[in-house]
Amino acid sequence: MKNLKLSSEISVSLELQSDGEQILFSAIDIERNRLFFASSSNLIYTSQFPSHQNAKAQSGIILSADVQSLDLEVDDAITSFDYLLEKEALIIGTSSGFLLLYVVDCNATEVVGRVDGGVKCISPSPDGDLLAVTTGLGQLLVMTHDWDVLYETAFEDHPEDVDVSESTNSTIYSHGNPISWRGDGRYFATLSKMQNLRKIKVWERDTGLLHSSSDPKPFCSETLEWMPSGAKIATVYDRRNENMCPSIAFFERNGLERSSFSIKEISDAAVEVLKWNCSSDLLCALVRCEKYYSLKVWFFSNNHWYLKQEIRYSRQERPQLMCDPTKPLQLICWTSTGHISVYNFVWITAVMDNSVALVIDGSNILVTPLSLSLIPPPMYSFKLIFPSAVREMAFYSNNSKILLAAFLSDESFCVVELPALSLWEDLEGKEFAVEASVCEMAFGSLLHLEWLDSHLLLGVSHFGFNHEKCLSLAASKNDHMGYQLVEIGVLCSENHVPDSVTCSSWNVKISNQFFVQKLVISIAPNPAKSGSAFVQFNGGDVFEYVSQASMLQSTSGPHFEKYNAVTLSSSCPWMTVANVTSGVQLRPLLFGLNEHGVLHVDGAILCNNCSTFSIYSNSSDKIITHLILATKQDLLYIVDISDVLAGNALVKYENFMRVASKRKEEESRNFINIWERGAKIVGVLHGDEATVILQTIRGNLECIYPRKLVLTSITNALVQKRFKDALLMIRRHRIDFNIVVDYCGWQAFLPFASDFVKQVNNLSYITEFVCAIKDENTTVKLYKDCISFPSSDEKDVHTGLLGDSDHKSKVSGVLLAIRRALEEHVPESPARELCILTTLARNDPPALEEALARIKITREMELSGSNEQRRTSYPSAEEALKHLLWLSDADAVFEVALGLYDLNLAAIVALNSQRDPKEFLPFLQELECMPTLLMQYRVDLRLRRYEKALKHIISAGETYHSDCMALLKDQPQLFPLGLQLFSDHSKRMQIYEAWGDHLIDKKCFEEAAMTYLCCSCLEKSLKAYRDCGHWSGVLTVAGLLKFDKEEVLKLAHELCEELQALGKPAEAAKIALEYCGDVNSAISLLVSAREWEEALRIAFMHRNDDLITEVKSASTECAGILVSEYEEGLEKIGKYLTRYLAVRQRRLMLAAKLRSEEHSVNDIDDDTISEASSNFSGMSAYTTGTSKVSTASMTSRTSSRARENKRKKNKGKIRAGSPGEELALVDHLKGMAMTVGARRELKSLLSTLLMLGMEEAARKLQHIGETFQFSQVAAVKLAEDANSTEIVDDQTYALDRYLKKVKNEECDSEPFSWRSKILILP
């Protein structure tokens, strides 16, 4: 679905040496870019190849050429002419049979051979190794480049009675090619004459054997061309005997005909030259008609040959055709009078901005609105038929006005006005004949035609040598030769009928024109300004053109000056301009794509490997939002225009290249793989359609709906509150329905729930929407990479932060709003009721009770038989119940039905959920026989509604009090409610006692004791206090029980023994002193508890020297023990730290060695290195990490758990050489820290020693204690610092250095507050 556009036309002329001289042959040197021509005067013309890179925008210039004369005999003439790249010379055949090698650079001619009958054709093989020659006697010779003949054979079939030696050496100028090589040079074909017919013969290159031949056919003269790709051999049928025009036929290598098509000319037309372009996709023919020569270019797609271009010449010119060997879209035409024209074509999409396809096929334009019917050509919606072939066209669409302008091969101009796009369905299948417009001036060749507005067009007019007839009226031809920028005004003399196609009564005139100095590469209208366009010249310079009619101030001519905002780095044949919003302003954005795949945006290079691109807009004002581009690697990118304008598109889209080594490509890729190689973007469907149309090489159309474009269309509809359009797109493209409420925030959706229901107006769609609602936010999870938010204010909306809401969750809030909207705006109907039931069933949590209540009302109406009119607005109870069961868990619905205490409804639910009656029927029958309260109690127990069950069983009366107590004991959380519901004192006491028994079972002895006190169960309370070791509570309750003195003393002795056994000597000492009066035991217990100050106080209080001595001895002994322990601790700290530093240094050395080994094998795959290093690390004694165990050493999960349990069991032990040794050493150092209890005891011991006058012992103890504590803190800090570095040296990580640092920093901290300042050594 593309058209072939003429991009540039260069016309030059050779200055012939004499009157009557004619150019006969041509050849090309692709290495040195030279053209060679042979004339009828046996002159050789050599010139440089004219190209649009070095040509100026003028025609009629004389091409400088070197002229050399070829020395031939008087009656001899050139009959064949070609260039041998390997010899860097021309090979020339003459009518006398001479084969001449002419070296142009030194003007030397060498006779390399001579054949009988004269040379008819010379054809070098594609690789240049062989040369095929046909003679006038019908012989075929194949020779090497050293002029050795490989073989000679007859290629024409002559009757037996004909003597071929009698053939004359008459001069025959044949521009056809009777020999044509296949592209790989393995075969070549000839066209052999057989009486009045001809046949195609295919020969093998190496042996010269006939490979195959066709049946004799009426082929035209000597026109034969083998496609370079080798698929087809093209030739021409002469059908004048059938009074029909010639047709072009295609044959396979085996000589069988594949297909053919008519050239659609008069019967007297003849195809003189047939050529394939170098890429084998264009077939060019030079057709001689009655009044003119026609250069036709066909393209094959979808089993149809399209005539894409036609250029006409006068009969006097006698043009010839040559295809560029390296450039597939460049044609060279030269005439017998020496005029040379170089045509450069480009492929452009046939899909216009409004998604209308206009495919050129000769004199027809096949029109298809892709938004209405997506069909590939040659099918179409309707057809426009023009007087001659269409060369250039321009399409205009603005609101309801649609115009089409076409420039034809006969140099006439046509305009068509079409009805609004919405009325095109009525035009399907119709054909409309378009009349030529009335025009007073000639256009020459019209290129780059574009509409400026509905009455003006802008184009480039070119007058070359083939337009001399058009210039005959001018005073001076040279004044008009060249390129002119022309502004064309169009006017229709009759009123347009809105529903019809206006094909006639159009008048056109040139309103402004002026010459340009450079070749125009492309023209693109400026959508931001009416009557304006951008003109791109060769080299990339862009100028802005503004018509005189659209300017506010009256001027003498149009405005035309350089557009400094954009300069392209090279010529871009594909240029388009679109409107974008930059901030709050509307401005044009220019896109340009050159022949090398470089895509420019406003002059900056966006992509270096782009094959095709298009633009997409989701708004009616045609402001584009996305750029769609396909790369040469068959990747499709959907690029946000905001990213392009911000300049971060290259980073975000990774330079539009596939990153092969990216591990998570499938999750985060921002491109689409085009499934068929070589597919191109031909257009898009804008707005809600959100479609990208691709055309494959085979010709079929493929539509894709990129997720980003679809979501952009949906969110755009949601912002505009077009809920129905958004929902239809969501259903069509299978998008998550939650996007409806998530994009603008579910709280913001609630006020518009009624609008949503009214717009959708389809209960099935609403039900589908309700069933899909869930609590997660799709915009931040599922579609986070496809949705962009325009402003920061809206971002709060999207994340659902609009303020407080009365609803707990998104699901419950949205469904409640939908339910209310249904009840308010949708008339009562069975479908509405089912939709409401759906909102209740899908609620979070499901509102099954309310749903069953609605069904119960319907059932009651059915049973009563009343209100018949309202009953018809509701579904039957059975239908509603089945709908609810389909949406919900059947067991949950059954339990809710039971919870309503409606046994009949529960039975109906059970039956409709396909339960076995044996499962539920006996239970329901049993409930039916019970009193109401007892039945409700049983139901509540089944549903675990214990609070309701308790209330119902209490209401059932005194008879069921035992059941009540059993329920309380079984469900202890009901005890507070039971106390609240009972007012009788005795029953409350029972509840307290049962509660206390429960707490005893739970080992909550203190709480149980207090509970027993509430019900005056003092014995149980005393036992509970005793079980929890609360000795004060025990003795207090003993007082409440009025124990006598002996009982209290006995109880005190027992408590004292129990507390000693529990390891609470301080509390036992208090009982012994206060209740037993045993001072000696109290002192002993305080000493064992290391309560030194309290023991000394009691000893002095009783003035007992023996007790004082006992305290003194014990404190002295304890001080000595602590000094020994701290000295031993200091020794362990030094040993552990030394070992840790040694292990750490060895670990770092091994790690450095591993890194060096990995660096030396950096060519190995990363995964292999990682696996190997991890395995080695796991086996090392000085490294840690997760090892990747090989298959051979893999063990079961059971053994892994066993190792883990063993590791936990051995935690805290240090095993030399183990992988965990380093961490174990640090843990041991941290575990040696002085605890809070130790610091408190040490402070008490120091105070006691000072009280007893042992100052030196106290000072020694404090010194060794603080030395140990400082060393432990310093060692831990040193180990932590060493663990975070890669270099460990003895000077930096020395304990003495860290000791000084810790003493300076931690001296006054809380952990060292136990020290006495008077005991600190200087």
(request) Can you establish whether the number of heavy atoms outside Glu1241 located under 6.0 Å from its atom CD is more than 12? (result) yes
(request) Compare every heavy atom of Ile1133 with every heavy atom of Ala1275, then report the nearest pair and how far apart it is. (result) CB-CG2, 3.8 Å
(message) Any salt bridge linking Arg945 with Glu895? Criterion: basic side-chain nitrogen under 4.0 Å from a carboxylate oxygen.
(response) no
(message) Assess whether a salt bridge exists between Lys1002 and Glu1007, defined as any Lys/Arg side-chain N lying under 4.0 Å from an Asp/Glu carboxylate O.
(response) no
(message) Please find the pair of heavy atoms, one from Leu1261 and one from Val1123, that lie closest to each other, and give the distance.
(response) CD1-CG2, 3.9 Å
(message) Determine whether a donor-acceptor pair (N or O, by modelled atom type, separation under 3.5 Å) exists between the side chain of Arg1026 and the backbone of Ser1021.
(response) no
(request) Report the C-alpha distance between Asp963 and Tyr937 in whole Å, list the side-chain angles of each, state the deciding distance to 0.1 Å, and finish with yes or no for side chain to side chain donor-acceptor pair (under 3.5 Å). (result) CA-CA 10 Å; Asp963 294 330; Tyr937 166 72; 5.6 Å; no
(message) Donor-acceptor pair, distance only, cut-off 3.5 Å: does the side chain of Tyr1012 make one with the backbone of Asp997?
(response) yes
(message) I need the minimum non-hydrogen distance between Tyr992 and Thr1011, along with the two atoms involved.
(response) O-CG2, 3.2 Å
(message) Using modelled atom types and a 3.5 Å cut-off, is there a donor and acceptor pairing between side-chain atoms of Ser1088 and backbone atoms of Leu1085?
(response) yes
(message) With a 4.5 Å cut-off on side-chain heavy atoms, are Glu928 and Met935 touching?
(response) no
(request) For Glu849, look at atom CD and say whether over 12 heavy atoms of other residues, nucleotides or ligands are found less than 6.0 Å away. (result) no
(request) Keeping the roles fixed (side chain from Glu947, backbone from Leu977), state whether a donor-acceptor pair exists under 3.5 Å. (result) no
(message) Please check if the number of heavy atoms outside Met1010 that lie under 6.0 Å from its CE is greater than 12.
(response) no
(message) Are there over 12 heavy-atom neighbours, none belonging to Glu776, within less than 6.0 Å of that residue's CD?
(response) yes
(request) Indicate yes or no: at least one non-hydrogen side-chain atom of Leu840 is less than 4.5 angstrom from one of Leu848. (result) no
(request) Report the distance from atom CZ of Arg938 to atom CG of Leu927, rounding to the nearest 0.5 Å. (result) 6.0 Å
(request) With side-chain contact (heavy atoms from CB on, under 4.5 Å) as the test, would you mind laying out the steps for Leu968 and Leu950 before giving the verdict? (result) CA-CA 8 Å; Leu968 287 171; Leu950 181 61; 4.0 Å; yes
(message) Would you say Ser1113 and Thr1116 are linked by a side-chain donor-acceptor pair, where the criterion is simply a distance under 3.5 Å?
(response) no
(message) Checking Glu1256 against Arg1259 for the salt bridge (Lys or Arg N to Asp or Glu O under 4.0 Å) test, could you report, in this order, the C-alpha distance in whole Å, the side-chain angles of both residues, the deciding distance, and whether it holds?
(response) CA-CA 5 Å; Glu1256 290 301 323; Arg1259 181 174 283 106; 3.4 Å; yes
(message) For a 4.5 angstrom cut-off between non-hydrogen side-chain atoms, does Glu1280 reach Asn1283?
(response) no
(request) Determine yes or no for a side-chain-to-main-chain donor-acceptor pair under 3.5 angstrom, with Arg1239 supplying the side chain and Met1234 the backbone. (result) yes
(message) Return the CD1 to CD distance between Ile1083 and Glu1091, rounded to the nearest 0.5 Å.
(response) 11.5 Å
(request) Locate the shortest heavy-atom distance separating Ala1258 from Leu1246; write the atom from each residue and the value. (result) O-CD2, 3.2 Å
(message) Between Tyr1126 and Thr1267, is there a side-chain heavy-atom distance shorter than 4.5 Å?
(response) no
(request) Please name all residues satisfying salt bridge (Lys or Arg N to Asp or Glu O under 4.0 Å) with Lys987, sequence neighbours left out, ordered by chain then number. (result) Glu958
(message) Within this structure, what is the CG-CG distance for the pair Leu852 and Asp902, rounded to the nearest 0.5 Å?
(response) 9.5 Å
(request) List the steps and the verdict of side-chain contact (heavy atoms from CB on, under 4.5 Å) for Gln990 and His961. (result) CA-CA 11 Å; Gln990 292 179 21; His961 182 68; 3.3 Å; yes
(request) Report, as yes or no, whether the 6.0 Å neighbourhood of atom CD on Gln973 holds more than 12 heavy atoms from other residues, nucleotides or ligands. (result) yes
(message) Looking at Lys810 and Lys774, would you say the former's side chain and the latter's main chain have a donor-acceptor pair under 3.5 Å?
(response) yes
(message) Can you tell me how far apart CD1 (Ile991) and OG (Ser986) are? Round to the nearest 0.5 Å.
(response) 9.5 Å
(request) Indicate the atoms forming the closest heavy-atom contact of Leu1252 with Lys1112, along with that distance. (result) CD1-CA, 3.5 Å
(request) Please work out which of the three classes, parallel, tilted or perpendicular, describes the rings of Phe1312 and Phe1270, given edges at 30° and 60°. (result) parallel
(request) State whether Lys1260 and Glu1255 are salt-bridged, where the test is any N-O pair (Lys NZ or Arg NE/NH1/NH2 against Asp/Glu carboxylate O) under 4.0 Å. (result) no
(request) Check whether any side-chain heavy atom of Val909 sits under 4.5 Å from a side-chain heavy atom of Val896, and report yes or no. (result) no
(request) Using a strict 4.0 Å threshold on nitrogen-to-oxygen distance, state whether Asp1027 and Lys1023 make a salt bridge. (result) yes
(message) When you measure from the side chain of His952 to the backbone of Lys948, do you find a donor-acceptor pair of N or O atoms at a distance under 3.5 Å?
(response) yes
(request) From the options Leu934, Leu933, Val939, select the one residue that forms a side chain to side chain contact (heavy atoms under 4.5 Å, CB included) with Gln936. (result) Leu933
(request) For residues Leu1086 and Pro1065, determine if any side-chain heavy atom of one lies less than 4.5 Å from a side-chain heavy atom of the other. (result) no
(request) Would you sort out whether Phe1268 and His1263 count as a ring-ring contact (aromatic ring centres under 6.0 Å, His included), showing the intermediate values? (result) CA-CA 9 Å; Phe1268 169 78; His1263 176 69; over 10 Å; no
(request) Check the angle between the aromatic planes of Phe975 and Trp995 and answer parallel, tilted or perpendicular using the 30° and 60° thresholds. (result) parallel
(request) Kindly determine whether Asp1281 and Tyr1298 satisfy side-chain contact (heavy atoms from CB on, under 4.5 Å), including the steps that lead there. (result) CA-CA 11 Å; Asp1281 291 349; Tyr1298 274 83; 2.9 Å; yes
(request) Please tell me if the side chains of Val1236 and Arg1240 come closer than 4.5 Å, counting only heavy atoms from C-beta onward. (result) no
(request) Answer yes or no: are there more than 12 heavy-atom neighbours, outside Glu1117 itself, under 6.0 Å from its atom CD? (result) no
(request) Please report the closest heavy-atom contact between Leu1229 and Tyr1136, naming both atoms and the distance. (result) CD2-CB, 3.8 Å
(request) Give the intermediate values and the outcome of side-chain contact (heavy atoms from CB on, under 4.5 Å) for residues Phe923 and Leu898. (result) CA-CA 11 Å; Phe923 174 68; Leu898 275 179; 4.1 Å; yes
(message) Can you tell me how far apart CZ (Arg1097) and OG1 (Thr1248) are? Round to the nearest 0.5 Å.
(response) 12.5 Å
(message) Any non-hydrogen side-chain atom of Leu1018 less than 4.5 Å from a side-chain atom of Leu1013?
(response) yes
(request) In sequence, state the C-alpha distance, the side-chain angles, and the governing distance for Glu1047 and Lys1042, and then conclude on salt bridge (Lys or Arg N to Asp or Glu O under 4.0 Å). (result) CA-CA 10 Å; Glu1047 290 176 331; Lys1042 301 188 183 303; over 6 Å; no
(message) If we ignore hydrogens and angles and just use 3.5 Å, is the side chain of Ser1247 paired with the main-chain N or O of Ser1244 as donor and acceptor?
(response) no
(message) If we ignore hydrogens and angles and just use 3.5 Å, is the side chain of Tyr946 paired with the main-chain N or O of Leu941 as donor and acceptor?
(response) no
(request) Could you tell me the separation between the OG atom of Ser1271 and the CG atom of Leu1299, rounded to the nearest 0.5 Å? (result) 4.5 Å
